[in-house]
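Numbering of ligands and ligand atoms starts at 1, following listing order.
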Amino acid sequence: MGAATKAGYADVLVGLQYGDEGKARVVDHLAAGYDVIARFNGGANAGHTIATPDGPLRLRQVPSGVLHPGVALYIGSGCVVGLQQLAAEIAMLAAQGIRLDGRLTISDRCALVQPRHVLADRRDGARIGTTGNGIGPCYADLAARMQGSERVAFQLRDLLCDDSRVFEQMTRLAGRDGDDGDDIAAMVDGMRRAWTAIRPFVTDDAVALLRRVEAGARVLFEGAQSVMLDVVHGVQPWVTSSHTLPAYAYVGGDLPCRYHRKTIGVAKAIVSRVGGGPLSTELGGPRSEAYCAAAALAGRGRADEAASHDPLALLAEGDAFATGVAIRMLANEYGTGTGRPRRVGLLDVAQLRLAIQQAGVDEVYLNKCDSLAAFAHTPEHCIPVVVGEAGGAGQRVLRFPAFGAHAIPTGDASPLPAQLEALLEWLAQAIGRPLRGIGLGPERAQMRLLEPNQHTTP
Ligand code: IMP
């Protein structure tokens, strides 16, 4: 008899701020060390971008391990599926030579985003700035189950059983909400076509992932959104509709929690938020929030700001709102899926510390350290970082010496600017967790791993 196979394990990676922390590039970076990359929450509301030599790869539902051919991909039951968007994403990847046959598995317990969900989200979600993908109404129907005598929630397994009945029922339900019949018919037709492309990837095996782990597979769960947008622990109503905390990976990812090994957190050196809700360190405060909300409604984004402003001139003004616009432009802080300008704020260390504590994070990656170079162009010539509880008497700004963009190393061998080293050393102590890597630009080669040493390991 051969030796017993050693079981594998799972790590969970989550965003620690308000989404858009650059989780996908960290997943892409770590993927070679895992056998499976799995999603456990959310749906097409996630916008995950990986920079490749052929330009940015934008993913919404497919896990960010796609660029590693040997790595399997799993979409767990905690996710909701937009059939058309997922089929389009699979086709887009195939057009780039990335075939998912045999690599991608989707749980048949995933709930199905219906036309009525998308239409309701577009109608009502604008007030809180949702992404308009029908995610909230879909999770709501899953919990509601019935309306009168009719089922309102469907999972992929209902499609496996009797797809014609589900598509008919979906059309009828959407018609009841008073939406345009032609629109609904077109959406359902699109879903029917998409379903033929998705069907081969769907499994009815509730322990598909568990089997792999028992056979030794190493899994990385990739969180969507962020712990601050959790439906329960974030600030209602400005949250997403799923559970984003790492423990939920073992519910929505279909694996017993006994296989958990460690939790990885991803943060950014400046913060950003799309949609409404508290952002206590926002540059320009309520003015920035109102400006970004109006721009999102009017469809104004990157191109409009680039045409109207010179970021270096804005930074020289020394005004907080202008600094926020400039950092958005220089750090490219526009929504991946929606193109909306993101609200930009200073690094909030108390928020980060609390998120790390609540999510039980073991180690941290800090993206967009290069964007701090913008502060070299401000009149104060220093990097402001906020410490102390939001709104509390102890909240204050600490100022660190600035460094210019020219000081950011291009190769792996060159040293980091001393000012950045000092800031990272201080931050690791302040958050009480080691910094394992930093982002110095969006490209793959611009991710710098940090050796465990006394500077970045508290
Ligand atoms: P929903 O998830 O589309 O319902 O949107 C609810 C809130 O979560 C809105 O403020 C969205 O902007 C935000 N949100 C959802 N997905 C993401 C994401 O991937 N990155 C950043 N914010 C997100």
- Contacts of His260 that satisfy ring-ring contact (aromatic ring centres under 6.0 Å, His included) - sequence neighbours left out: Tyr250
- Query: Is the shortest side-chain N to carboxylate O distance from Arg444 to Asp28 below 4.0 Å?
  - Reply: yes
- Residues lining ligand 1 [heavy-atom distance under 4.0 Å, listed by chain and residue number]: Tyr18, Gly19, Asp20, Asn45, Ala46, Gly47, Ile128, Gly129, Thr130, Thr131, Gln225, Leu229, Val239, Thr240, Val274, Gly275, Arg340
- Note on the structure: d(Leu57 CG, Met92 CE) to nearest 0.5 Å is 5.0 Å
- Task: Output yes when Arg151 and Asp158 qualify as a salt bridge under the 4.0 Å nitrogen-oxygen rule, no when they do not.
- Result: yes
- Output yes when Glu363 and Arg436 qualify as a salt bridge under the 4.0 Å nitrogen-oxygen rule, no when they do not. yes
- Any donor-acceptor pair under 3.5 Å from Glu333 side chain to Arg328 backbone: no
